[in-house]
Number of protein chains: 2
Amino acid sequence: MSEPHLLPLLGAPPQERRDAARNRERLLDAAKELVEQVGAHAVTMDAVASAAGVGKGTLFRRFESREGLMAAVLDHSETEWQARVMSGPPPLGPGADAWDRLLAFGRTRLETTLLHAELIREAGRSGARASGAYSFAATHVRYLLSQLGVSGDVPLLAVAILAPLELPILEQVSLDGFPVDRFYDGWVDLVGRIVTPPGAAART
Amino acid sequence: MSEPHLLPLLGAPPQERRDAARNRERLLDAAKELVEQVGAHAVTMDAVASAAGVGKGTLFRRFESREGLMAAVLDHSETEWQARVMSGPPPLGPGADAWDRLLAFGRTRLETTLLHAELIREAGRSGARASGAYSFAATHVRYLLSQLGVSGDVPLLAVAILAPLELPILEQVSLDGFPVDRFYDGWVDLVGRIVTPPGAAART
DNA sequence: GATCAAAACGGACCGCAGTCCGTTTTCTAT
DNA sequence: ATAGAAAACGGACTGCGGTCCGTTTTGATC
């Protein structure tokens with residue numbers, strides 16, 4: 001006669017225990033705090049654990065690795081941008097035409113990448129960019145490209161459009177000594193060439 | 001009366017002492033050997049030092065860091081490719097027209113990047129890609145673009161052409177599940193769009 | 001409210017990158 | 001050949017990321 005006391009909630013991950021949830025929060029808060037105070041590069045796992053008043057083992061069980069922790073911190077920050085893209089005001093959000101949205105996307109993407117540069121670097125490839133944030137961006141660009149009626153291998157063109165805005169590329173470039181401002185203009189030119197099929201009229 | 005015994009050789013780095021040079025070579029050989037045997041990710045600095053019969057301090061003085069060492073190993077491998085580009089047979093080397101050279105460049109660049117993927121990853125950004133190899137590639141592409149009479153911000157277009165061939169991008173992409181083969185075709189399409197100005201005739 | 005298995009905890013412990021500093025080698029000058 | 005300073009050497013040492021495992025907490029069951 002006894003059934004599991006709470007709704008089985010089909011297929012959902014077994015539900016996190018209360019202490020686990022509490023500690024996850026403490027750890028994330030402590031991490032964000034420390035990142036802000038001393039910079040991501042100087043944050044040690046021991047420091048985070050003890051600032052959160054939690055054992056080191058727990059920290060690693062929750063976040064897998066240092067990179068994983070940084071990715072979690074980063075993810076939190078980037079979620080806000082994703083929201084702006086999906087449901088914020090135009091031209092970034094819905095409502096403007098696809099071309100203008102694409103340009104706004106590029107500009108803000110560049111800005112957030114630079115803003116979170118250190119965190120992105122520390123998150124390494126385990127991180128947000130690889131899974132969450134990057135595939136969101138890719139999906140969005142693919143969508144805009146299809147709206148623009150771009151022909152060809154749209155997924156790959158999306159990659160090409162995003163690539164120059166990724167941190168590793170930006171880092172290599174600025175070593176070659178580019179002013180960042182010029183970068184956006186160059187990117188717009190690039191996108192124009194990709195979007196406008198050969199033989200069509202030029203774009204403004 | 002006594003002058004420095006050997007030609008002062010204007011401005012040249014003070015010349016490496018003989019033991020230093022010998023040890024550098026031993027270390028590099030040991031490193032290459034170990035990388036080959038167990039894979040770059042499993043090579044420890046202690047292992048390299050003791051395989052070379054040299055102290056750890058020496059290893060770090062010569063190569064700065066683990067990443068620096070990996071970069072040195074990588075550099076050695078990539079030099080051969082650079083030579084093919086600059087003076088090998090066409091279409092990669094000089095002799096073919098710029099468009100064909102550009103395509104050959106892209107294909108071989110993609111190949112070598114994938115071939116050396118592990119080393120590139122281990123070399124991190126301290127490495128060859130950042131300084132040596134990357135700027136070589138960028139310079140070459142700029143040159144080919146100008147040969148093709150491309151208008152616009154050539155240095156930036158070169159960045160855009162190279163970016164999708166860089167490892168971090170390739171890694172993100174194949175997570176999205178692209179077959180690698182398709183990639184080259186997509187890249188050719190991209191380059192075509194960049195090189196062919198809007199309104200001009202399409203390319204073969 | 002008592003019982004019990006599963007899950008989470010925490011800190012001692014390990015391996016490796018990178019530093020430090022007393023010792024040895026090399027090279028120049030005489 | 002010899003002396004002396006500069007440069008290179010090497011291995012003990014430190015700090016940090018990550019693991020392991022005996023102990024504690026949770027929450028479902030009766």
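Naming convention: chains lettered A, B, ... in sequence-line order (proteins, then strands); numbering from 1 in each chain.
Look at CG on B:Asp19: it is 13 Å from C1' on D:dG10, rounded to the nearest Å. Spacing between atom CZ of B:Phe63 and atom P of D:dA8 amounts to 14 Å, rounded to whole angstrom units. For the pair B:Gln15 CD and D:dA7 C1', the interatomic distance rounds to 13 Å; values are reported in whole Å. In this structure, B:Arg61 places its CZ atom 11 Å from C1' of C:dC21, rounding to the nearest Å. The separation between B:Arg26 atom CZ and D:dA8 atom P is 16 Å, rounded to whole Å. In this structure, A:Glu64 places its CD atom 9 Å from P of D:dG18, rounding to the nearest Å. Rounded to a whole Å, the CZ atom of B:Phe60 is 16 Å from the P atom of D:dA12. Atom CG of A:Asp46 is separated from atom P of C:dC13 by 15 Å (rounded to the nearest Å).
For A:Arg17 and C:dA6, the shortest distance from a side-chain N or O to OP1 or OP2 is not below 4.0 Å. In this structure, B:Arg18 reaches the C:dC27 phosphate: one of its side-chain N or O atoms is under 4.0 Å from OP1 or OP2. Contact between the side-chain N/O atoms of B:Arg66 and the OP1/OP2 oxygens of C:dA17 is found at a separation under 4.0 Å. Between B:Asn23 and D:dA8, a side-chain N or O to OP1/OP2 separation shorter than 4.0 Å is absent.
Using cut-offs of 30° and 60° for the angle between ring planes, the B:Phe136 and B:Trp81 rings count as perpendicular. By the 30° and 60° cut-offs, the orientation of the rings of B:His140 relative to B:Tyr143 is tilted.
Of the listed nucleotides (D:dC9, C:dG18, C:dC13), D:dC9 has the atom at the smallest distance from the side chain of B:Thr58. With D:dT26, D:dC9, D:dG17 as the candidates, the nucleotide lying closest to the side chain of B:Arg62 is D:dC9. Of the candidate nucleotides C:dA8, D:dA8, D:dG18, D:dG18 has the atom lying nearest to any side-chain atom of A:Ser65.
Using a 4.0 Å heavy-atom cutoff across all strands shown, B:Thr44 reaches sugar-phosphate atoms only and no base atom. B:Val43 comes within 4.0 angstrom of the backbone, heavy atoms only, and of no base. Across all strands, A:Arg24 comes closer than 4.0 Å to no nucleic acid atom at all (heavy-atom distances).
For B:Arg121, the side chain to side chain donor-acceptor pair (under 3.5 Å) partners are B:Glu171, not counting sequence neighbours.
With respect to the salt-bridge test (charged N to carboxylate O, under 4.0 angstrom), the residues A:Glu36 and A:Lys32 do not qualify. A salt bridge does not link A:Arg125 with A:Glu67: every distance from a Lys NZ or Arg NE/NH1/NH2 to an Asp or Glu carboxylate oxygen is 4.0 Å or more.
When the local axes at the two ends of the helix from C:dG1-D:dC30 to C:dT30-D:dA1 are compared, using 5 base pairs at each end, they differ in direction by 10° after rounding to 10°.
In the model, B:Glu33 has a side-chain atom that pairs as donor or acceptor with a side-chain atom of B:Gln37 under 3.5 Å.
Residue-to-nucleotide proximity on DNA chain C shows that, of B:Met45 and A:Val54, the 5′-proximal contact is made by A:Val54.
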Give the C-alpha distance, both sets of side-chain angles, the deciding distance and a yes or no for salt bridge (Lys or Arg N to Asp or Glu O under 4.0 Å) between B:Arg109 and B:Glu166. CA-CA 9 Å; B:Arg109 172 85 175 167; B:Glu166 293 297 304; 2.6 Å; yes
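Shown are A:Arg22, A:Arg62, A:Arg61; of these, the salt bridge (Lys or Arg N to Asp or Glu O under 4.0 Å) with A:Glu16 is made only by A:Arg62.
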